[in-house]
Amino acid sequence: MFSETPNMHSSTPETEALREAIFAYARTRMAYDPVPLDAPKSLEFLRTQAPNTVTESGLGGIKALKLFAEVLAPACLSTDHPGYVSFIPTAPTEAATLFDLVVSASSIYGGSWMEGAGAVYAENEVLSWLAREVGLPDSAGGVFVQGGTLGNLSALVAARHSATAERARQGIPRPERWKFICSAEAHSSLKSAAAVMDVEIIKAEVDSEGRLTGDAVQRALDDAGDGVFAVVATGGTTNFGIVDRLREVGDVAKRHGLWYHIDGAYGLAAILAPETKHLFDGTELCDSFIVDPHKWLFAPFDACALVYRNPELAKAAHTQHGEYLDTLTESGDWNPSDYAYNLTRRVRGLPLWFSLATHGIAAYRKAVSQNIQVTMEITEYIRGREDLVLVREPELSVVVFEKRGWQLSDYQTWSDRLLDAGTGLVVPSSHRGRPNTRFAIVNPATTTHLLVEILETME
Ligand SMILES: Cc1ncc(COP(=O)(O)O)c(C=O)c1O
């Protein structure tokens with residue numbers, strides 16, 4: 001007697017009905033224009049409305065889907081709503097979202113060429129395109145990881161591994177403590193990477209507009225002493241969308257033989273737009289960079305493109321060794337798991353690949369450019385309003401502003417009202433202790449008209 005395939009793995013009238021119900025749900029969700037903003041609910045509310053969902057005998061798919069559609073999904077913010085302009089929103093294209101469904105349905109293992117060659121090939125097409133935009137040689141390559149946090153960590157691990165190997169080669173002992181330099185306005189993930197790696201993070205001063213300059217890096221290096229292995233520049237800070245002086249920073253890093261990483265998680269997409277391309281002068285100097293398609297390249301969560309000038313250096317740092325993996329690691333194939341702190345992976349670069357293959361690069365340049373146009377228009381509008389003050393001149397697609405006389409509580413009350421009305425998510429923020437608020441514009445459905453409407457509610 002051999003065991004039989006349990007029902008939940010075979011196609012039955014029930015699973016077929018469920019398939020149709022799920023497709024219908026996805027179709028409806030994607031057809032909203034605009035999608036309802038929705039809002040978080042309290043734990044008590046969810047416990048009451050959706051009690052005991054995980055039971056010994058199961059609810060049945062149709063009932064579980066109903067619960068999701070009626071209770072759980074409306075308790076999640078729609079980050080692709082045109083009025084969702086806080087943090088960094090997301091705005092996947094239809095093609096990218098649709099293809100995410102295909103990825104989900106396909107059980108592709110994205111860690112190795114042997115198991116996922118076709119998908120890995122397509123992902124690599126996208127990474128090569130990004131490398132070309134940045135100005136890296138054809139030999140550049142990398143991997144799509146879960147997010148910018150993991151991308152930054154993986155790049156820095158590769159950088160330290162290279163520095164360690166180089167010192168060993170030269171017969172120089174390891175430093176007492178490894179260190180890397182970034183700007184005081186760099187993303188929190190860098191501090192987190194430093195903690196995970198147990199290295200020191202040196203935050204160099206920014207200029208009056210919030211940029212890291214070559215001189216600031218040089219001063220930080222002069223003070224740092226032994227052990228600096230990398231310099232990180234930010235190509236679009238999270239808070240203000242400011243681009244560091246990438247060429248100056250790169251020049252200093254190269255002069256000192258240091259790994260140069262660019263964190264372009266949010267902003268590097270703006271290299272595609274004619275209005276902002278010049279801000280990215282010097283990217284070709286980098287040893288690694290990241291850019292998150294789930295931020296400004298119109299792909300669904302979660303995806304960070306991590307690219308190295310010399311992928312061999314990353315491979316030396318990241319390849320996992322085990323008897324069960326030998327057949328993969330000894331094959332000489334391009335295995336994405338070798339290029340980051342990951343092994344099993346979803347082929348999360350495919351939604352972007354499909355959308356790019358569908359629409360072409362020019363459509364991406366146009367969409368990013370349109371976000372920048374909206375940013376410029378709303379900036380002009382804010383400048384023209386007596387009651388509003390820009391905190392800094394926007395460079396990419398983030399606009400930070402204050403309402404004269406408002407305290408933090410005024411911003412909070414206003415923000416709550418906007419959320420309650422389903423108009424938008426615009427949360428309070430602050431700079432140097434002064435409360436403000438900000439628009440992060442990465443959604444082509446976010447129009448100047450809508451932002452003006454939001455500003456008109458600031459009373
Ligand atoms: C500049 C920058 N770097 C890194 C990150 C972290 O990316 P993720 O949230 O995808 O981990 C962000 C997120 O906003 C960011 O803006």
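Order of appearance sets the numbers: ligands from 1, and atoms from 1 within every ligand.
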Whether F298 and Y364 hold their rings parallel, tilted or perpendicular, with breakpoints at 30° and 60°: tilted

Any donor-acceptor pair under 3.5 Å from S430 side chain to G433 backbone: no

Any N or O of S189 closer than 3.5 Å to N or O of ligand 1: no

contact_flag C304 ligand 1 heavy-atom lt 4.0 Å: no

Any side-chain heavy-atom pair of S355 and E94 under 4.5 Å: no

Under 3.5 Å donor-acceptor, S78 side chain and D80 backbone: no

Heavy-atom check, side chain of S397 versus side chain of Y266, under 4.5 Å: yes

Sub-4.0 Å atoms of ligand 1 with respect to non-hydrogen atoms of T238: 1 (C), 2 (C), 14 (O), 15 (C), 16 (O)

Pairing of E205 and R219 as salt bridge, 4.0 angstrom limit: no

Atom 7 (O) of ligand 1 [closest protein heavy-atom partner, distance rounded to 0.1 Å]: K295 NZ, 3.0 Å

Side-chain touch S189/L153, heavy atoms, less than 4.5 angstrom: no

Ligand 1 N/O within reach of T234 N/O, cut-off under 3.5 Å: no

Ligand-side contact atoms (ligand 1) for residue partner D263, heavy atom cut-off under 4.0 Å: 1 (C), 2 (C), 3 (N), 4 (C)

Atoms of ligand 1 close to H294 [distance to a heavy atom under 4.0 angstrom, numbered from 1]: 10 (O)

Residue, atom name and distance, where the atom is the protein heavy atom closest to atom 4 (C) of ligand 1: H187 ND1, 3.3 Å

Within-4.5 Å side-chain heavy-atom neighbours: V347 and L350: yes

Under 3.5 Å: N/O of G148 near N/O of ligand 1: yes

Under 3.5 Å: N/O of Y266 near N/O of ligand 1: no

Contact partition for T149 relative to ligand 1, non-hydrogen atoms under 4.0 Å: both

Within reach of ligand 1, part of Q146 (heavy-atom separation under 4.0 Å): neither

Contacting atoms of ligand 1, where contact means under 4.0 angstrom from a heavy atom of D292: 7 (O), 8 (P), 10 (O)

Pi-cation contact, F240 with R392 (under 6.0 Å, within 45°): yes

